[in-house]
Amino acid sequence: MSLLLCFLLFSLYPPRISAATDTVSPGHALTGSDRLVSNNSKFVLGFFKTESKNSSYASHNSYLCIWYSKLPMITPLWSANGENPVVDPASPELAISSDGNMVILDQVTKNIIWSTHVNTRTNHTIVVLLNNGNLVLQSSSNSSKVFWQSFDYPTDSLFAGAKIFRNKVTGQKNRLVSRKNSIDQAAGLYSVEFDINGTGHLLWNSTVVYWSTGDWNGHFFGLAPEMIGATIPNFTYVNNDREVYLSYTLTKEKITHAGIDVNGRGLAGIWLDSLQNWLINYRMPILHCDVYAICGPFSVCNDSNNPFCDCLKGFSIRSPKDWDLEDRSGGCMRNTPLNCGSTMNKKGFTDKFYCVQNIILPHNAMSVQTAGSKDQCSEVCLSNCSCTAYSYGKGGCSVWHDALYNVRQQSDGSADGNGETLYIRVAANEVQSVERKKKSGTVIGVTIAASMSALCLMIFVLVFWMRKQKWFSRGVENAQEGIGIRAFRYTDLQCATKNFSEKLGGGSFGSVFKGYLNDSIIIAVKRLDGACQGVKQFRAEVNSIGIIQHINLVKLIGLCCEDGKKLLVYEYMTNRSLDVHLFKDNNKVLEWNIRYQIAIGVAKGLAYLHDSCRDCIIHCDIKPENILLDASFVPKIADFGMAKVLGREFSHALTTVRGTIGYLAPEWISGTVVTSKVDVYSYGMVLFEIISGRRNSNQEYCRGHSAYFPMQVARQLINGGIENLVDAKLHGDVNLEEVERVCKVACWCIQDSEFDRPTMGEVVQFLEGLLELKMPPLPRLLNAITGGSHSTSLLPIDLQ
Ligand SMILES: *[C@@H]1O[C@H](CO)[C@@H](O)[C@H](O)[C@H]1NC(C)=O
Ligand SMILES: *[C@@H]1O[C@H](CO)[C@@H](O)[C@H](O)[C@H]1NC(C)=O
Ligand SMILES: *[C@@H]1O[C@H](CO)[C@@H](O)[C@H](O)[C@H]1NC(C)=O
Ligand SMILES: *[C@@H]1O[C@H](CO)[C@@H](O)[C@H](O)[C@H]1NC(C)=O
Ligand SMILES: *[C@@H]1O[C@H](CO)[C@@H](O)[C@H](O)[C@H]1NC(C)=O
Ligand SMILES: *[C@@H]1O[C@H](CO)[C@@H](O)[C@H](O)[C@H]1NC(C)=O
Ligand SMILES: *[C@@H]1O[C@H](CO)[C@@H](O)[C@H](O)[C@H]1NC(C)=O
Ligand SMILES: *[C@@H]1O[C@H](CO)[C@@H](O)[C@H](O)[C@H]1NC(C)=O
Ligand SMILES: *[C@@H]1O[C@H](CO)[C@@H](O)[C@H](O)[C@H]1NC(C)=O
């Protein structure tokens with residue numbers, strides 16, 4: 001961490017550029033803190049120093065790098081000597097050697113550390129840093145004679161104008177390779193390249209493909225539709241008999257960053273002056289755990305966790321220092337060596353297995369046909385010292401040998417419990433300690449459960465007694481009418497939902513199931529993720545939000561918090577949620593007047609949450625999935641108060657759920673305090689989707705123009721012609737005055753500054769026509785992100 005800190009401090013204050021020249025010629029070397037600056041002042045070449053530290057001795061590594069000159073921090077785009085840094089106390093020098101090559105030397109000893117190694121047949125050469133960031137070694141008399149150029153040898157970034165290519169005739173190719181860690185410029189394990197057929201792949205250790213681009217359809221790769229919405233609008237892809245290549249050009253003087261990151265994910269983004277940071281709007285694969293061996297051997301990857309890598313039980317991080325710098329290739333190692341094959345074994349010690357549940361199994365299993373039962377499978381694995389894990393399931397017996405990669409936690413929302421169980425081999429004493437921990441956990445759990453049920457029993461007896469005495473009968477009746485919250489037993493809810501069999505959906509915080517109370521009242525039961533921490537507080541918070549009632553808020557009926565499980569019971573909504581009606585292709589189209597009523601209803605519900613309750617409640621997660629519709633399409637906001645109920649877990653759930661991010665206000669990114677105006681922003685984004693009937697983040701590429709929808713609306717409002725933007729499925733059957741009002745409100749809601757956005761109370765008045773609206777300005781930030789022209793959505797914005 002301290003290393004990282006040093007690095008950050010260093011990179012925040014790049015040394016001043018002294019002499020502004022773009023050329024190195026024979027006899028004029030570049031040393032120490034000298035810089036080459038391209039003629040347009042966009043790129044800089046110089047020695048980039050990082051601190052490297054072994055146990056006691058701190059030293060500096062110098063790398064010859066190219067970076068953007070105008071940014072407040074150094075983001076190396078290219079490096080020459082990643083594998084051979086110049087180490088203290090040697091001081092580096094860039095020069096032209098007597099054979100005409102560009103070389104990096106030790107300034108004192110003149111030992112050559114790195115060279116371009118080309119046959120120039122002349123020593124009349126110079127090195128120039130061109131305006132596009134290409135560093136070329138060329139003839140000093142004829143600039144068309146180029147002997148070597150950095151564009152042919154990219155590291156982890158693709159410059160505008162450079163190519164990632166493969167020559168199908170000669171087999172010559174280049175590729176982007178990830179850096180080893182977040183400061184070391186040496187090559188890492190991940191790369192991008194084209195195969196002979198012209199398909200792009202992400203590879204691990206040059207051998208294992210973990211992501212592919214699919215075919216090019218003229219505008220983007222089939223499996224990367226996000227490309228069209230990326231900040232880089234003009235990709236050129238050529239694939240013929242002789243060659244395949246990809247490059248891009250910039251229409252404006254944008255500062256872009258495209259390539260492969262240290263975690264093996266392809267990325268593209270731009271520098272935003274307003275954020276003073278990179279806005280990376282495209283990463284493939286989206287999930288960290290989709291990157292092969294991302295956590296190294298004997299680890300488990302959990303995408304809903306932060307950090308996403310952890311060691312399996314019985315193992316610990318091999319190199320915490322590298323791990324902190326995002327190099328996890330060393331993975332985890334055993335705390336105790338296996339007994340297998342050792343002399344201890346003869347004394348009766350054997351290895352044992354413990355199980356990890358809800359796992360997506362690693363692919364490279366060996367199938368053992370002869371093992372017909374779980375026990376036989378375990379025997380097979382125990383009998384071979386290199387066997388490290390086994391699984392017995394639908395596919396029979398599978399075993400894994402040596403380093404175990406890609407053990408991945410099934411996330412609760414993504415699949416319906418079809419995760420498998422993996423048995424991990426550890427030394428016998430390790431499994432005992434694992435079990436001991438588990439047992440003490442269960443004991444505590446049992447104790448809590450026992451005392452809870454004792455408490456419940458006492459309360460029950462008390463209530464029963466009081467009821468008999470008719471002292472308390474009014475209170476109980478009220479509880480049944482729904483004023484106040486009912487506490488359910490877990491078994492009751494299990495019974496009501498037929499053991500959680502009918503899943504209605506998976507939300508940000510858990511899964512929702514349909515159930516029946518007394519076989520007549522239909523309920524929706526939400527099972528929250530995460531352990532039940534702070535039972536008392538949970539109950540108190542749920543009770544406090546349970547009191548809140550409004551026609552446009554989903555009614556909370558009860559809760560259950562028992563034995564580590566948290567459940568909330570809501571009234572059931574016949575017409576599910578807004579996203580189903582807007583985006584899912586069903587035959588019934590939501591009419592305009594219903595949409596308009598939904599817009600007003602949601603605004604009223606939010607206004608109530610923000611202004612009318614005792615404490616202002618910020619919803620924080622407004623999106624169509626959280627807008628439920630009852631039998632007569634009255635909208636009801638779900639999941640309000642979750643920030644209160646879940647506390648710290650909440651923000652985590654919010655940022656790890658993808659798709660939600662397109663509704664997040666800029667404050668979330670900049671990290672300033674959020675106010676109720678974040679709900680206003682998200683509400684605005686939902687309004688756009690109500691107008692278009694499509695997701696903002698999901699464009700229709702086939703239409704001639706495909707600008708980011710909210711920006712299209714903002715521009716059309718100014719230019720006129722808003723009716724063309726309404727959902728085509730409505731066939732023009734709309735009230736244009738209302739459409740314009742909704743468009744204006746939506747544009748005001750998504751203004752960058754929270755102070756420019758209206759309150760929800762004002763929104764209600766605007767929509768009901770009680771207040772008039774001025775013409776909204778273009779939202780500046782979105783305009784900047786979308787290139788101010790006809791490029792498209794960048795969202796979802798990646799926050800990590
Ligand atoms: C550098 O740019 C200036 C104008 O900005 C131009 O006059 C000059 O010719 C350029 N030099 C080279 C070597 O391209
Ligand atoms: C640390 O680095 C110094 C200088 O490179 C070297 O002499 C020393 O042996 C290294 N120590 C360890 C423990 O690697
Ligand atoms: C170029 O090479 C010639 C002989 O090969 C040598 O005499 C001369 O000094 C060299 N020039 C430079 C600038 O290195
Ligand atoms: C410069 O080099 C190019 C490419 O090698 C060649 O075609 C051209 O004739 C040369 N120009 C001069 C003036 O030598
Ligand atoms: C290229 O395409 C051919 C024919 O579709 C296929 O057999 C071959 O495996 C492909 N090669 C690669 C490297 O994907
Ligand atoms: C990567 O592949 C090379 C051989 O191609 C192998 O020697 C090396 O061990 C592999 N690296 C890892 C981390 O498995
Ligand atoms: C995109 O790039 C190609 C090749 O560089 C160029 O011919 C074309 O004019 C560019 N298109 C736009 C819209 O900039
Ligand atoms: C994965 O991460 C989520 C979120 O932190 C957590 O609730 C869950 O328990 C984790 N799974 C495992 C097996 O650690
Ligand atoms: C253990 O399994 C590996 C991989 O299948 C195999 O190569 C090796 O021969 C086996 N060893 C023994 C002792 O059976």
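For ligands, and for the atoms within them, numbers begin at 1 and follow the listed sequence. Every value quoted in this text rests on a predicted model; they were computed, and no experiment measured them. Below, all heavy atoms of this structure are taken into account, side chains as well, without hydrogens, waters or symmetry copies.
Between the side chains of N197 and T199, no donor N or O sits under 3.5 Å from an acceptor N or O. Under the 3.5 Å distance criterion, with hydrogens and angles disregarded, a donor-acceptor pair is assigned to the side chains of N134 and S150. N40 and S38 share a side-chain donor-acceptor pair at under 3.5 Å. In this structure, a donor-acceptor pair under 3.5 Å is absent between the side chains of S140 and H124.
Checked for salt-bridge contact, D290 and R408 meet the test: a charged N lies under 4.0 Å from a carboxylate O.
Remark: Y63 pairs with no residue by the ring pair (Phe, Tyr, Trp, His ring centres under 6.0 Å) rule, at least two apart or across chains.
Contact between E193 and N174 at its shortest, heavy atoms only, is CB-O, 4.3 Å.
Distances below 4.0 Å separate heavy atoms of M366 from the following atoms of ligand 9: 5 (O). With ligand atoms numbered from 1 in the order given, ligand 5 contributes 1 (C), 2 (O), 3 (C), 8 (C), 10 (C), 11 (N), 12 (C), 14 (O) to contacts under 4.0 Å with heavy atoms of N197. Taking every heavy atom of N384 and a limit of under 4.0 angstrom, the matching atoms of ligand 9 come to 1 (C), 2 (O), 3 (C), 8 (C), 10 (C), 11 (N), 12 (C), 14 (O).
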Identify all pairs of nitrogen or oxygen atoms, one from ligand 1 and one from the protein, separated by less than 3.5 Å, and list them with distances.
from     : atom 1 : to  : atom 2 : distance (Å)
ligand 1 : 2 (O)  : N39 : OD1    : 3.3
ligand 1 : 2 (O)  : N39 : ND2    : 2.4
ligand 1 : 11 (N) : N39 : ND2    : 2.8
ligand 1 : 14 (O) : N39 : ND2    : 3.4

